[in-house]
Amino acid sequence: QVQLVESGGGLVQAGGSLRLSCAVSGSIFSIDAMGWYRQAPGKQRELVAAITSGGSTNYADSVKGRFTISRDNAKNTVYLQMNSLKPEDTAVYYCNADLRRTMYVLRRDYWGQGTQVTVSS
């Protein structure tokens, strides 16, 4: 069984910072890309940032220059440092991992339960 456990969400004033963490646990053979998505009320889930196992990153235009994604492969953990937060960043943030549980199965996506980030103006 694979679990993705997020932490670090909360309430912050505009201009503030938060750091999200997501630890992947369970029976895992390999993890490829990891990422963060978010979903605001009434909106579709969108990609915020992603990082490959080699460290290549990709960001949504709306967060470039403010958010930084990183990962610790030894700990199977991905982080999202969020600076200069804006009210429009308010959403539930979900962790995603593209992984293989054994060498005999295909990769598939796994999701965390989500963590609320609220930015007040």
Side-chain angles (χ1 to χ4, degrees):
Q1 189 173 0
V2 175
Q3 283 190 313
L4 277 67
V5 179
E6 299 133 336
S7 60
L11 173 64
V12 65
Q13 287 189 332
S17 298
L18 284 174
R19 188 189 193 213
L20 304 182
S21 299
C22 172
V24 183
S25 63
S27 177
I28 301 164
F29 175 72
S30 65
I31 303 177
D32 192 356
M34 303 181 79
W36 291 94
Y37 290 70
R38 67 186 181 187
Q39 188 166 18
K43 294 188 177 181
Q44 289 189 330
R45 189 174 297 189
E46 62 175 358
L47 174 68
V48 176
I51 184 168
T52 68
S53 57
S56 297
T57 59
N58 181 43
Y59 295 93
D61 287 342
S62 60
V63 307
K64 283 180 181 177
R66 300 189 298 122
F67 291 9
T68 302
I69 190 170
S70 61
R71 65 190 281 174
D72 185 333
N73 290 331
K75 295 181 179 179
N76 289 339
T77 299
V78 63
Y79 307 96
L80 186 68
Q81 178 67 43
M82 304 185 294
N83 299 329
S84 302
L85 282 161
K86 304 175 181 180
E88 51 263 44
D89 294 318
T90 296
V92 178
Y93 284 69
Y94 296 91
C95 172
N96 171 271
D98 184 22
L99 63 86
R100 296 172 70 179
R101 293 190 61 189
T102 76
M103 63 183 296
Y104 302 108
V105 300
L106 297 175
R107 296 198 320 254
R108 55 153 287 194
D109 281 335
Y110 289 81
W111 294 88
Q113 78 286 356
T115 185
Q116 177 69 46
V117 171
T118 303
V119 184
S120 62
S121 57

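Everything numeric in this text was worked out from a predicted model, so none of it was measured.
- Residue Q3 qualifies as open at atom CD: its count of foreign heavy atoms under 6.0 Å is 12 or below.
- One distance of note links OH of Y37 with CZ of R45; it measures 9.5 Å at 0.5 Å rounding.
- If you chain together hydrophobic residues whose side chains sit under 4.5 Å apart, M103 and V105 never meet in one group.
- Annotation: side chain of Q113 is not in contact with side chain of L4 (no heavy-atom distance under 4.5 Å).
- Residue L99 holds its CG atom at 8.5 Å from CG of D109, rounded to the nearest 0.5 Å.
- Counting heavy atoms from C-beta outward, S21 and K75 have side chains that stay 4.5 Å or more apart.
- In summary, K64 and D61 engage in a salt bridge, as defined by a charged side-chain N under 4.0 Å from a carboxylate O.
- Between W111 and Y94, the ring-plane angle classifies as perpendicular under the 30° and 60° cut-offs.
- Once rounded to the nearest 0.5 Å, the distance linking CG of L80 with CE of M34 reads 12.0 Å.
- At a threshold of 4.5 Å between non-hydrogen side-chain atoms, the residues V12 and M82 do not count as touching.
- In this structure, OG on S121 lies 14.0 Å from NZ on K86, to the nearest 0.5 angstrom.
- Counting only distance, with no hydrogens or angles, the side chain of R38 and the backbone of T90 share no donor-acceptor pair below 3.5 Å.
- Considering SG of C22 and CG of N96, their distance stands at 8.5 Å, rounded to 0.5 Å.
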* **Y93/V48 under side-chain contact (heavy atoms from CB on, under 4.5 Å): CA gap, chis, key distance, verdict** => CA-CA 9 Å; Y93 284 69; V48 176; 4.1 Å; yes
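- Across all non-hydrogen atoms, the minimal contact from R100 to L106 is CG-C, 4.1 Å.
- With contacts defined as side-chain heavy-atom distances shorter than 4.5 Å, the pair W36/L20 qualifies.
- Of all the heavy atoms in T115 and E6, the pair that sits closest is N-OE1, 4.0 Å.
- Taken to the nearest 0.5 Å, the OG atom of S30 stands 8.5 Å off from the CG atom of D98.
- Pairing each heavy atom of A97 with each of V24, the nearest pair is CB-CG2, 4.3 Å.
- Side-chain atoms of R66 come within 3.5 Å of backbone N or O of S84 as a donor-acceptor pair.
- Contact of the N58 side chain with the L47 side chain is registered, since non-hydrogen atoms from C-beta on lie closer than 4.5 Å.
- Annotation for R107: atom CZ does not count as buried by contact number, only 12 or fewer foreign heavy atoms lying within 6.0 Å.
- Using modelled atom types, no side-chain atom of Q81 and backbone atom of R19 make a donor-acceptor pair closer than 3.5 Å.
- Of all the heavy atoms in V92 and Q116, the pair that sits closest is CG2-OE1, 3.2 Å.
- Considering only heavy atoms from C-beta on, T68 stays 4.5 Å or farther from Y79 through its side chain.
- In this structure, F67 and L18 have side chains that are not in contact, with every pair of non-hydrogen atoms separated by 4.5 Å or more.
- Inter-residue side-chain proximity for R71 and S53 is flagged as met; some heavy-atom pair is nearer than 4.5 Å.
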